[in-house]
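Residue numbers begin at 1 in each chain, while the letters A, B, ... track the order of the sequences. Small disclaimer: the values here were computed from a predicted structure and weren't measured.
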Amino acid sequence: MARHLITSAIPYINGIKHLGNLVGSQLPADLFARYLRGRGHEVMFICATDEHGTPAELAAQKAGQPIAEFCAEMHAVQADIARRFGLSFDHFGRSSSERNRVLTQHFAGRLADNGYIAEVSEKQVYSVDDGRFLPDRYIEGTCPNCGYDKARGDQCENCTKQLDPTDLIEPRSAISGSTNLEVRETKHLYLRQSALKDQISDWIDSKTDWPILTTSIARKWLNDGEGLQDRGITRDLSWGVPVRRGDQPWPGMEGKVFYVWFDAPIEYIAATAEWADAQGLDDSAWRRWWRLDQGAGDVTYTQFMGKDNVPFHTLSFPATIIGSGEPWKMVDYIKSFNYLTYDGGQFSTSQGRGVFMDQALEILPADYWRWWLLSHAPESGDSEFTWDNFQQSVNKDLADVLGNFISRITKFCRSKFGEVVPEGGEYGPQEHELIEAMAARIRAYEDCMARMEVRKAAAELRAIWVLGNEYLQAAAPWSTFKTDPERAAMQVRLGLNLIRLYAVLSAPFIPFSSDAMLAAMRTGQRDWPGDVAGALAVLPAGHAFTVPEVLFAKISDESREEWQARFQGVRG
RNA sequence: GGGCCUGUAGCUCAAUGGUCAGAGCAGGGCGCUCAUAACGCCUUGGUUGGGGGUUCGAGUCCCUCCGGGCCUACCA
């Protein structure tokens with residue numbers, strides 16, 4: 001039994017996430033966590049909401065709520081949706097927690113003590129009417145290059161030219177439209193990543209088994225231009241972790257907060273502490289996951305994230321940890337994902353394009369989404385969601401291959417033997433062949449899971465389901481029943497046991513259906529099958545079961561067309 | 001502009017430089033009748049984006065051209 005720490009990139013607080021966000025981090029992390037738990041390992045699966053930053057403040061403002069209230073509400077909403085998607089976090093924390101405030105300030109203090117913090121004075125655009133400094137992209141104006149009148153301060157979306165806010169002609173606040181802008185001097189703390197570059201670079205080089213997507217992004221940032229640059233870790237905002245040097249004030253930094261990307265990864269640690277608090281445990285309970293000097297030496301730590309998060313997890317956060325000089329657990333494996341696109345374009349939170357998590361659950365059970373998303377996870381490149389493909393895959397895999405298998409065996413049993421596992425008969429060559437084939441498939445499935453090859457794991461699981469149909473076809477209990485009822489009984493008994501086995505094996509992908517299958521078989525025995533023959537004898541003759549309702553209703557053409565139309569345009 | 005990823009059957013994807021480039025779906029044929037008109041078996045289908053090169057051997061390595069995507073450091 002091993003100990004696995006798993007974190008999913010923490011979703012931003014400003015709204016309900018779409019399916020692209022889900023498949024890029026939380027869902028595969030959940031798959032992995034459920035699998036490892038199923039294998040009997042000790043798992044700590046952590047997620048949280050990422051609550052700081054300008055977009056959160058603006059979203060709250062737009063909603064007409066105080067920021068703290070807005071975040072509390074949105075956190076509850078996201079937590080509820082996550083639960084309904086079956087995301088099995090041990091704790092779903094909040095980056096605005098007291099635990100994170102203390103830890104973030106602690107790390108900053110340690111970094112300063114070790115000489116990895118620089119104070120830098122810089123000039124930034126201040127909007128007098130908004131009463132706030134504006135990040136570059138919140139300044140709009142006319143592009144000096146192409147004349148586009150909605151160019152942003154960081155880049156013109158029309159001609160793609162990189163811009164500085166001061167390049168813009170007639171600049172205005174993207175928040176209020178105010179042109180009452182001025183350049184003000186402000187002081188910020190910078191994390192001296194450049195001083196840690198060699199250590200980070202060596203560390204990345206040691207990770208030879210990481211996905212290319214992960215290491216290539218890291219190397220690009222390490223080696224591009226003049227190499228890894230220092231990064232500002234404070235902002236002039238009111239909502240965030242107040243800048244302090246450990247538990248001491250930080251002279252000259254009054255009224256400023258830490259940059260959201262500085263405190264967000266620290267929340268992985270803080271959320272584990274929040275978990276301990278919620279469980280009524282003391283600090284040693286979470287430190288044994290995070291401190292190498294307090295029991296985390298045998299922990300394997302895996303992070304899941306979309307590719308846009310990779311620089312922060314391969315560079316900034318490691319810089320924070322290394323720079324602290326303290327023995328914190330660092331990540332062992334980073335599984336990163338490309339993007340899921342929607343019907344040829346991008347999912348877009350701002351434009352409401354695509355399917356959002358709450359909407360997805362309104363129209364179909366979570367397992368439908370889980371299965372499709374995971375079996376089409378964007379691992380080697382971006383992958384595309386289309387309603388046609390979704391309907392076809394889900395109907396074929398879940399309804400026809402798995403669901404119908406369960407129907408045919410349970411209903412056949414009921415009609416010939418009643419709702420009880422029948423007695424009699426002994427295995428012949430077909431059964432031994434099945435067991436052998438099953439064992440090989442399960443091993444392949446385990447290998448894929450261990451390597452976090454999500455799509456391949458899904459394909460193996462599906463092949464395992466197919467074995468059941470192949471067996472039934474070959475064994476044909478409906479024929480043997482006529483001449484050799486005992487043999488038919490043995491075949492049906494094996495078929496019923498396959499359902500339980502499938503429930504156990506499928507649980508990481510489709511946990512709700514897995515529960516329904518076990519409930520129908522009236523068993524709670526969900527041990528991972530070490531010995532396949534034994535696993536197929538768990539339900540003994542005489543064991544009562546219930547023929548389940550249709551587990552996976554098919555998606556009709558009418559529904560598909562309706563949803564296709566509904567989600568084409570703007571959310572609403 | 002620079003960098004990275006990607007291009008394989010109608011579709012979605014596999015393939016440590018080494019048998020005849022493989023699966024699933026879709027298409028075609030046959031079988032079965034327990035089952036959600038489901039399942040099983042067989043089968044059609046590819047000049048691996050184009051062109052050069054290295055090699056005994058290239059989907060895989062190199063060069064070049066074409067197409068798609070992403071990143072480029074103050075959104076997170």
Taking N and O atoms by type only, does the side chain of [X] place a donor or acceptor under 3.5 Å from a partner on the base of [N]?
X: A:Asn404; N: B:A35; answer: yes
X: A:Glu470; N: B:C39; answer: no
X: A:Gln491; N: B:C34; answer: no
X: A:Trp221; N: B:A73; answer: no

5'-to-3' dot-bracket of RNA chain B (Watson-Crick, G-U; under 3.5 angstrom; crossing pairs as [ ]; | other strand): (((((((..((((....[...)))).(((((.......))))).....(((((..]....))))))))))))....
Are A:Tyr471 and A:Phe405 near enough that their ring centres are under 6.0 Å apart? no
Are the aromatic rings of A:Phe385 and A:His18 close, with centres under 6.0 Å apart?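 Here the rings of A:His18 and A:Phe385 have centres that are no less than 6.0 Å from each other.
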Can you measure A:Leu58 atom CG to B:C74 atom C1' for me and round it to whole angstrom units?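 Atom-to-atom, A:Leu58 to B:C74, this comes out as 14 Å.
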Quickly work out the A:Phe412 CZ to B:C32 C1' distance and round it to whole Å. 13 Å
Considering only B:U36, B:C39, B:C13, which nucleotide approaches the side chain of A:Arg408 most closely?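 The listed nucleotide nearest to A:Arg408's side chain is B:C39.
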Interatomic distance, A:Leu539 atom CG to A:Phe545 atom CZ [nearest 0.5 angstrom]: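 A:Leu539 atom CG to A:Phe545 atom CZ measures 9.5 Å (nearest 0.5 Å).
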Listing time: all N or O pairs from protein to nucleotides 23-29 of chain B that are below 3.5 Å?
unit_1 : atom_1 : unit_2   : atom_2 : d
B:C25  : O2'    : A:Gln392 : OE1    : 3.0

Students often get this wrong, so: under 4.0 angstrom with heavy atoms, is A:Arg219 touching a base, only sugar-phosphate, or nothing?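 The residue A:Arg219 makes no contact with any strand.
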Is there a salt bridge (charged side-chain N to carboxylate O under 4.0 Å, His left out) between A:Asp209 and A:Arg451 once you walk through the steps? CA-CA 10 Å; A:Asp209 60 336; A:Arg451 293 196 303 271; over 6 Å; no
